[in-house]
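Quick notes on the structure that follows.
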Protein chains: 2
Amino acid sequence: MDPDAKPIPIQPVDRPAAGVDAIRIACSSCSLRDLCMPVGLTDEEMHRIDSVVTARRKVKRGGSLFRQGDRFESLYAIRTGFFKTCLSAPGGRNHVTGFQMAGELLGLDGIVGEQHGCDAVALEDAEVCVMPFDQLGDFAREVEALQRHLHRVLSREIVREHGVMLLLGGMRAEERVAAFLLNLAQRLHARGFSRTELVLRMSREEIGSYLGLKLETTSRAFSKLAEEGLIEVRLRHVRILQPEALQRMVDHPSWR
Amino acid sequence: MDPDAKPIPIQPVDRPAAGVDAIRIACSSCSLRDLCMPVGLTDEEMHRIDSVVTARRKVKRGGSLFRQGDRFESLYAIRTGFFKTCLSAPGGRNHVTGFQMAGELLGLDGIVGEQHGCDAVALEDAEVCVMPFDQLGDFAREVEALQRHLHRVLSREIVREHGVMLLLGGMRAEERVAAFLLNLAQRLHARGFSRTELVLRMSREEIGSYLGLKLETTSRAFSKLAEEGLIEVRLRHVRILQPEALQRMVDHPSWR
DNA sequence: CGAGATGTTGACTTACTTCAATCGAGGTGG
DNA sequence: CCACCTCGATTGAAGTAAGTCAACATCTCG
């Protein structure tokens, strides 16, 4: 089920892999810099950050970057690919707590307790930057901008989860799916993709788990939204036809 | 509806209020220190923290410590009393995101965005320590232990919300209430109260909002648990009769 | 091409909501 | 002191959204 779980080769910075991707690891020249890192760093500070991000790691589709209970040592910044984070509760049950894309951080819930609090599974072949947390902390004590950035990233995750709680606590199936699609589209758009056309990387079951719905209910909600002319769906391809109408659903849910 | 919303008098450290509570503000001599602050600080560092916590603030039952949209300037550590945090979504709807008690921090979701992301409402007369976040940050850059502590507090909140998402996403009413009661009892017990006997500070409606249930459903769940002999309920007084059985409900929910 | 995974749809069941009536505790004023 | 009121909690009956079970369609990949 999980072909390449743990022993994934680390790509050291001073010995880049051969081939097309043999680029030196450097945040200073990374196109995602504005997403992961604070803006307005001096060259000196930027150079220092380059020394914190020591390695990259590739994760194949279906493989885990880390698992619940693994020793926490690093945060990971996604360079390419798409992840889900999920909790495995006792009894074989499983709950998706989020989906993450390029430029977003993984592992924040591991800081307390020294071990990862969830699984991070790649939904497509992915590559991440490894950021040893001790070094990140050392550096954050020297550079206020980085410290502030770290605090904001943590706080943003708290706010994001508030939104999910709102969704789980008081929206009906179609509204949840609408919120999910708008959120995804907005994040993809911030990365230069279409605001209205998206390809889902996850199954109906994974979406359902995230939204607190069964897969059948999720599927029905997609169909209903399509029937109402708000979206166009064919399997994992979704086109948002009436973003304002979807937004209205999210802003004015029918109860609570 | 809200007798003392905004203009609550600040109690400066160098001019303590007259009367029984005329104690110098000092984390170093605070009984809740182990809950709010990292352990193992030197006297010097402890003294420095005392200079960060510059003021206390009293909030009457029903009053707000801060409101969604207020400018974020400080974190607050609860000294006495009990709070709820709630999001007011457009349309007059309202959702409780958490309940906080002595020794816990309020305002973490305000760090990103420079403004508070929720309302913090006192469920009983309360007093908090005001910790200006800029100063806290300055100090965290000097003392690694404080920095680590801050990171852990933020991370812990993320983990806590994961638990709530699990609850909202996949448990039935009775299981949610069981989880809620056990969590409350555990936190109260860590503060020296009984592990089995508790007085709820919040209404059925507020509990329901937190758990994603209507107040009637919440009430029914309480009654059912009582009927099954797991708890004893009289209004807001709850006695936990079979903690293990409750724990089993939480560990082995019937679906998802 | 065929097998297995993934997605859709229908019929039925269930858990929660909704609406409404009742009860009891706490507070106020005659 | 008690009648009265209000608010929160409880309980019942009816309605509904989502879950469950199952059949079928469609895509993917060896």
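Here is the naming used below: chain letters follow the sequence lines, and residue numbers restart at 1 for every chain. Heavy atoms only: backbone and side chains are in, while hydrogens, waters and symmetry mates are out. Every value quoted in this text rests on a predicted model; they were computed, and no experiment measured them.
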Provide a list of protein-nucleic acid N or O atom pairs under 3.5 angstrom, restricted to nucleotides 25-30 of chain D.
none

Check your understanding: Less than 6.0 Å separating the ring centroids of A:Phe99 and A:Tyr210?
Key -> yes
Practice item. Let me know the distance between CD1 of A:Ile207 and P of C:dT6, rounded to the nearest Å. Key: 13 Å
Exercise for review: Quickly work out the A:His237 NE2 to C:dG7 P distance and round it to whole Å.
Suggested key: 12 Å
Review point. Heavy atoms under 4.0 Å, any strand shown: does A:Ser203 hit a base, just sugar-phosphate, or nothing?
Key: sugar-phosphate
Exercise for review: Look at the side-chain N and O atoms of A:Ser223 and state whether any lies under 4.0 Å from the OP1 or OP2 oxygen of C:dT9.
Suggested key: yes
Check your understanding: Does A:Glu127 come within less than 4.0 Å of A:Arg57, counting only side-chain N to carboxylate O?
Key -> no
Practice item. For residues B:Arg71 and B:His116, report the shortest heavy-atom separation together with the two atoms involved. Key: O-CD2, 3.8 Å
Review point. Does B:Arg204 place a side-chain N or O at less than 4.0 Å from the phosphate oxygens OP1/OP2 of D:dT10?
Key: yes
Review point. Quick one: A:Glu205 CD to C:dG7 C1', roughly how many Å, whole number?
Key: 11 Å
Point to revise | Distance-only donor-acceptor test, B:Arg220 side-chain atoms vs D:dG12 base atoms, 3.5 Å | key: yes
Practice item. Check step by step if ring-ring contact (aromatic ring centres under 6.0 Å, His included) holds for B:Tyr76 and B:Phe66. Key: CA-CA 10 Å; B:Tyr76 302 91; B:Phe66 53 76; 5.8 Å; yes
Check your understanding: Taking NZ from B:Lys214 and C1' from D:dG8, how many angstroms apart are they, rounded to a whole number?
Key -> 16 Å
Exercise for review: Apply salt bridge (Lys or Arg N to Asp or Glu O under 4.0 Å) to B:Arg220 and list each qualifying residue two or more places apart in sequence or on a separate chain.
Suggested key: none
Check your understanding: Side chain of B:Glu216: nearest nucleotide among C:dT9, C:dT17, C:dT18?
Key -> C:dT18
Check your understanding: Taking OP1 and OP2 of C:dC16, is either one under 4.0 Å from a side-chain nitrogen or oxygen of B:Thr217?
Key -> no
Practice item. Sort out for me which residue in B:Arg239, B:Arg234, B:Arg236 forms a salt bridge (Lys or Arg N to Asp or Glu O under 4.0 Å) with B:Glu197. Key: B:Arg239
Study note, to complete from the structure: note: B:Arg236, atom CZ; C:dG24, atom P; distance rounded to Å ~ 18 Å
Revision key, fill the gap. Rounded to whole Å, the CG-P distance (A:Leu215 to C:dG10) equals 16 Å
**Study point:** B:Glu205 atom CD, neighbour heavy-atom count above 12 within 6.0 Å
**Key:** no
Exercise for review: Starting at atom CE of B:Met202, determine the distance to atom P of D:dA9, rounded to an integer number of angstrom.
Suggested key: 11 Å
Practice item. Could you check how far CD of B:Glu174 sits from P of C:dC16, rounded to whole Å? Key: 8 Å
